[in-house]
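Count residues from 1 along the sequence.
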Amino acid sequence: MKLPRTTLILILLTLGLGGFVYFHEIRGATVREETKKQKQQIFSFAEDDVQSLTVTTKKLTLNLERSPGSSNPKWLIKSPVSGPANDAIVSYLMDLLVKGNSDRTLPTPAKDLKEFALDRPLATINITLKNRQSHQLLLGKSNFNGRFLYAQADPAAKPDGNINVLLVSTDFANAVNRELSEWKQPVDNSQKLPPLTIPNPTPANSK
């Protein structure tokens, strides 16, 4: 039996709508959930758990240690110089380490790490906690579109011989690629200025 044209159009529209709902709502929700699962926190420690940091880049190796008690600043530079650290700069890095997520995990054979510049990392962050546990983050080059950095967290081979390569925020590169002067606590020049003196006016000669 030949269906009327109007009925056929309604059937096609219904099928099309059903397909849209499936791919957008049902299948799309599944993909979004899988993507959400892929975005995992890099480390599980809290900021207050960290006792010291060592940041190694192509320019320098910087050792930072938490100040004892609740003194200000919260962080001290131990080497290559000694002195108070710039708390804002250190806090920026700490925030990334504590709250940073991996957008994706790529199981990779160890022999292929050079493709991500992780055989000779562009930067290495060593973290020591108050309980003596240690963690490490290696930063490689940016991915093809420059949105993420390739990285390794606590690098270790899995049973299958692969190593997990992470995609992390490029903010990590901004946080560690700094001159030594930026890591130091800013000098308050206002305290070094001599007191302002105002000369007494010369009295006018009386007639």
With a 4.5 Å cut-off on side-chain heavy atoms, are [Y] and [X] touching?
X      : Y     : value
Leu64  : Ser52 : no
Val50  : Trp75 : yes
Trp183 : Val90 : yes

Which heavy atom in [X] sits nearest to a heavy atom in [Y], and how many Å separate them?
X      : Y      : result
Leu149 : Ser169 : CD1-O, 3.9 Å
Ile77  : Ala85  : CG1-CB, 3.8 Å
Ile163 : Gln152 : CG2-NE2, 2.7 Å
Phe43  : Asp154 : CE2-OD2, 3.8 Å
Ala151 : Leu137 : CB-CD1, 4.2 Å
Pro84  : Pro73  : CB-CG, 3.3 Å

Short question: side chain of [X], backbone of [Y] - any donor-acceptor pair under 3.5 Å?
X      : Y      : result
Ser102 : Gln40  : no
Asp171 : Ala175 : no
Thr108 : Leu106 : yes
Asp103 : Leu167 : no

Same hydrophobic cluster for [X] and [Y], using side-chain heavy-atom links shorter than 4.5 Å among ILVMFWY?
X      : Y      : value
Val176 : Tyr150 : no
Leu139 : Tyr92  : yes
Val55  : Leu180 : yes
Leu166 : Phe148 : no

Arg178 and Leu62: CA distance, side-chain angles, deciding distance, side chain to side chain contact (heavy atoms under 4.5 Å, CB included) verdict:
CA-CA 10 Å; Arg178 298 181 181 275; Leu62 181 83; over 6 Å; no
Review item, side-chain donor-acceptor pairs of residues 111-134, under 3.5 Å, at least two apart:
| residue | atom | partner | partner atom | Å |
| --- | --- | --- | --- | --- |
| Asn126 | OD1 | Gln136 | NE2 | 2.9 |
| Lys130 | NZ | Asp48 | O | 2.8 |
| Asn131 | OD1 | Gln133 | N | 3.0 |

Rounded distance (nearest 0.5 Å) linking atom [atom1] of [X] with atom [atom2] of [Y]:
X      : Y     : atom1 : atom2 : answer
Phe172 : Leu93 : CZ    : CG    : 7.5 Å
Thr54  : Lys78 : OG1   : NZ    : 12.0 Å
Ser67  : Asp87 : OG    : CG    : 7.0 Å

Give the C-alpha distance, both sets of side-chain angles, the deciding distance and a yes or no for side chain to side chain contact (heavy atoms under 4.5 Å, CB included) between Glu47 and Lys74.
CA-CA 12 Å; Glu47 181 176 351; Lys74 291 171 57 178; 3.6 Å; yes
Give a yes-or-no answer on whether the side chains of Asn63 and Ser79 include a donor-acceptor pair shorter than 3.5 Å.
yes
Between Ile42 and Leu97, does the side chain to side chain contact (heavy atoms under 4.5 Å, CB included) criterion hold? Intermediate values first, please.
CA-CA 7 Å; Ile42 301 172; Leu97 292 171; over 6 Å; no
